[in-house]
Amino acid sequence: MAAHGGAPGAKGALTPRAEDFPRWYQEVVARAEMADNGPVRGTMVIRPWGYEIWERLQAALDERIKAAGAHNAYFPLFIPEAFMRLEAQHVAGFDPELWVVTHGGGRELEEPVVVRPTSETVVNHFFAKWVQSHRDLPLLVNQWCNVVRWELRPRLFLRTTEFLWQEGHTAHADEAGARDYALRILTDVYQDAMEQVAAVPVLVGHKTERERFAGAVRTWTCEGMMGDGKALQMGTSHELGQNFAQAFGIQYSDATGVLRHVWQTSWGASTRLVGALIMSHGDDFGLRLPPALAPVEVVVLCVREDDAVRRAASALADELRRAGRRVHLDDRTDTGFGRRTVDWELKGVPVRVEVGPRDLAQGSVTVVTRHTRTKQAVALGGVADAVERICGRAAGELRAEALAFRESRTASVGSLEEAVEAGASGFARVPWKAVREEGELQLASEALSVRCLQRDDGGLASAGEADDALVAVVGRSY
RNA sequence: CGGGCUGUGGCGCAGUUUGGUUAGCGCGCUGCGUUCGGGACGCAGAGGUCCCCGGUUCAAAUCCGGGCAGCCCGACCA
């Protein structure tokens with residue numbers, strides 16, 4: 001680690017990741033002031049530091065979703081229970097997770113109302129109304145909202161009863177149109193935002209029948225590896241075929257006047273991504289944020305109470321702001337220097353500029369890079385450049401580190417037995433032929449699952465390509 | 001829903017076995033002062049239905065009965 005590391009084992013330090021990863025995670029969430037448990041079991045209060053990170057992720061996704069041609073809309077929280085029952089697999093998939101409102105206005109409702117676990121059904125109810133002609137297609141809609149699902153074992157950001165997400169719903173004239181769009185969302189929206197913005201490398205592929213979304217014909221997924229070697233599903237894009245179109249009667253007249261059912265997709269990514277960020281990049285000192293997602297990119301810290309220090313720090317903060325950075329000036333005099341540095345480190349602020357009398361005597365300041373925890377003396381005139389350089393490199397370095405970690409924990413094997421062994425600490429790449437449905441059952445008994453199927457070179461299967469030629473990525477998961 | 005464990009200031013815990021004054025400790029919080037180059041220190045404070053209900057007893061955080069809640073591990077999920 002860095003030569004200037006904090007006192008190891010200092011009271012109040014985080015539990016080391018290697019000692020107890022889940023505990024480390026909880027402590028980071030609490031002490032970086034990202035979230036709290038809500039009063040109703042499984043609910044989550046997202047605090048400003050966590051929410052601002054989400055807002056930046058959201059902006060990155062929203063921008064890409066719009067670039068893919070979809071428009072935002074909003075559908076209601078409440079869904080008639082009858083809607084949920086229209087598509088058989090969908091019902092079966094979600095039934096155990098539903099929250100149902102039975103009372104309103106002090107009376108029992110004649111027809112219970114479901115709190116949306118996803119909006120598939122309401123959206124399609126309206127698609128049936130809006131789609132009449134081939135000229136109405138493709139219809140590309142996205143919504144940002146909360147959804148609610150019964151959860152047995154909640155964990156902040158990763159799995160909560162209520163969470164925030166984006167759900168896209170589209171209708172296309174033909175199968176290829178739907179399929180291409182689902183893939184476009186997977187790679188151009190999800191994979192790109194995760195790798196380029198969140199700096200989390202992901203594997204892309206499709207789910208096995210067992211892991212597929214209820215009602216989909218194919219589920220595409222982005223899977224990341226967290227700091228403990230477990231997989232996290234970070235975004236999914238579904239080809240729905242005509243399942244919902246038939247259940248909801250979504251039809252259009254084609255150019256020859258023939259009535260046809262549409263082909264559809266749906267896709268979602270949630271606040272779980274905040275958890276992915278924590279677990280991918282965090283270290284024993286707390287969060288490490290890629291600058292693009294950091295609520296504060298640079299904190300300018302006065303080492304001690306001193307007029308010259310304060311003036312210099314304030315001037316530097318202004319200069320950095322003018323350079324377009326999100327800057328916070330920490331000139332608190334009621335909290336010790338050590339405490340303040342540790343707090344900013346916990347929160348993952350990418351760059352710390354420490355201004356003290358000793359620095360100023362040299363005409364310089366101390367610039368600290370969070371993700372490497374390295375310090376350097378920088379001349380006052382060169383601070384903006386130094387910050388620019390660090391922020392420019394941080395995401396790439398975090399991504400490379402995460403990728404190297406994933407590769408160090410990934411083994412290519414030939415048999416199910418070997419996959420079980422390798423999957424315990426990371427990912428096992430094993431021919432799907434060696435697994436299949438029977439193998440999946442055995443994996444489940446070892447707390448493992450097939451995270452996705454992909455080509456040996458990491459590429460996506462093409463239309464009509466048999467799973468037999470593909471590789472299964474096996475691992476533990478969240 | 002099966003197995004294990006725990007409920008004590010905001011958080012983490014001790015005390016319960018063997019009932020006994022005013023229920024402690026660490027962190028956090030408030031005030032004052034000294035501090036401040038990697039989680040500072042002193043002094044003075046605030047903060048409690050000991051999960052709930054009932055029972056035993058002169059006396060219950062502690063013993064008994066019943067309830068409730070939460071955590072961890074297994075079957076489902078973004």
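Residue numbers start from 1 in every chain, and the chains themselves are labelled A, B, ... in the order their sequence lines are given, proteins ahead of strands.
Partners of A:R218 according to the side-chain hydrogen bond (donor to acceptor under 3.5 Å, both in side chains) rule, which considers only residues two or more places apart in sequence or in another chain, are A:H206. Applying the ring pair (Phe, Tyr, Trp, His ring centres under 6.0 Å) test to A:W344 and every residue at least two apart in sequence or in another chain returns A:H328. Take A:E151 and apply the side-chain hydrogen bond (donor to acceptor under 3.5 Å, both in side chains) test, not counting sequence neighbours, and it matches no residue.
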Donor-acceptor pairs are to be reported for all side-chain atoms of residues 191-201 of chain A against protein atoms at under 3.5 Å, with residues two or more places apart or in another chain.
from	atom 1	to	atom 2	distance (Å)
A:D192	OD2	A:R64	NE	2.8
A:D192	OD2	A:R64	NH2	3.3
A:E195	OE2	A:V202	N	2.9

Listing, residues 309-318 of chain A side-chain donor-acceptor contacts under 3.5 Å, not counting sequence neighbours, or none:
from	atom 1	to	atom 2	distance (Å)
A:D318	OD1	A:R321	NH1	3.1

Write down the protein N/O and nucleotide N/O pairs, taken from nucleotides 72-76 of chain B, whose separation is under 3.5 Å; answer none if there are no such pairs.
from	atom 1	to	atom 2	distance (Å)
B:rC73	OP2	A:R153	NH1	3.4
B:rG74	N7	A:R153	NH2	3.3
B:rA75	OP1	A:A444	O	2.9
B:rC76	OP1	A:R210	NH2	3.4

Between the protein and nucleotides 5-7 of chain B, list every N/O to N/O distance that falls short of 3.5 Å.
none

Under-3.5 Å N/O pairs linking protein and nucleotides 29-36 of chain B:
from	atom 1	to	atom 2	distance (Å)
B:rU35	O4	A:T333	O	2.8
B:rC36	OP2	A:R304	NH2	2.8
B:rC36	O2'	A:V303	O	2.7
B:rC36	N4	A:E305	OE1	3.2

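Checked by atom type, the side-chain pair A:T208/A:E440 shows a donor-acceptor distance below 3.5 Å. Inspection of the A:S119 and A:Q143 side chains reveals an N or O donor paired with an N or O acceptor under 3.5 Å. A side-chain donor-acceptor contact under 3.5 Å links A:N124 and A:Q264.
Taking atom P in both B:rU6 and B:rU21, the straight-line distance is 25 Å, to the nearest Å. Taking atom P in both B:rC63 and B:rA44, the straight-line distance is 36 Å, to the nearest Å.
Summarising the local packing, CD of A:Q89 is surrounded by more than 12 heavy atoms from other residues, nucleotides or ligands at distances under 6.0 Å.
Taking each heavy atom of A:F427 and A:G229 in turn, the nearest pair found is CE2-O, 4.3 Å.
At a threshold of 4.0 angstrom between heavy atoms, the contacts of A:G356 include nucleobase atoms, whether or not backbone atoms are also involved.
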Read 5' to 3' with Watson-Crick or G-U pairs under 3.5 Å, [ ] for crossing pairs and | for partners on another strand, RNA chain B gives (((((((..((((......[...)))).((((((.....)))))).....(((((..]....))))))))))))....

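Contacts between residues 269-281 of chain A and RNA chain B, defined by a heavy-atom separation under 4.0 Å, are made by A:S270, A:R272. Contacts between residues 58-75 of chain A and RNA chain B, defined by a heavy-atom separation below 4.0 Å, involve no residue at all.
Pairs of residues two or more places apart, or lying in two chains, that qualify as side chain to side chain donor-acceptor pair (under 3.5 Å) and include a residue from residues 265-278 of chain A are A:E120-A:S266, A:T170-A:T265, A:T265-A:W267.
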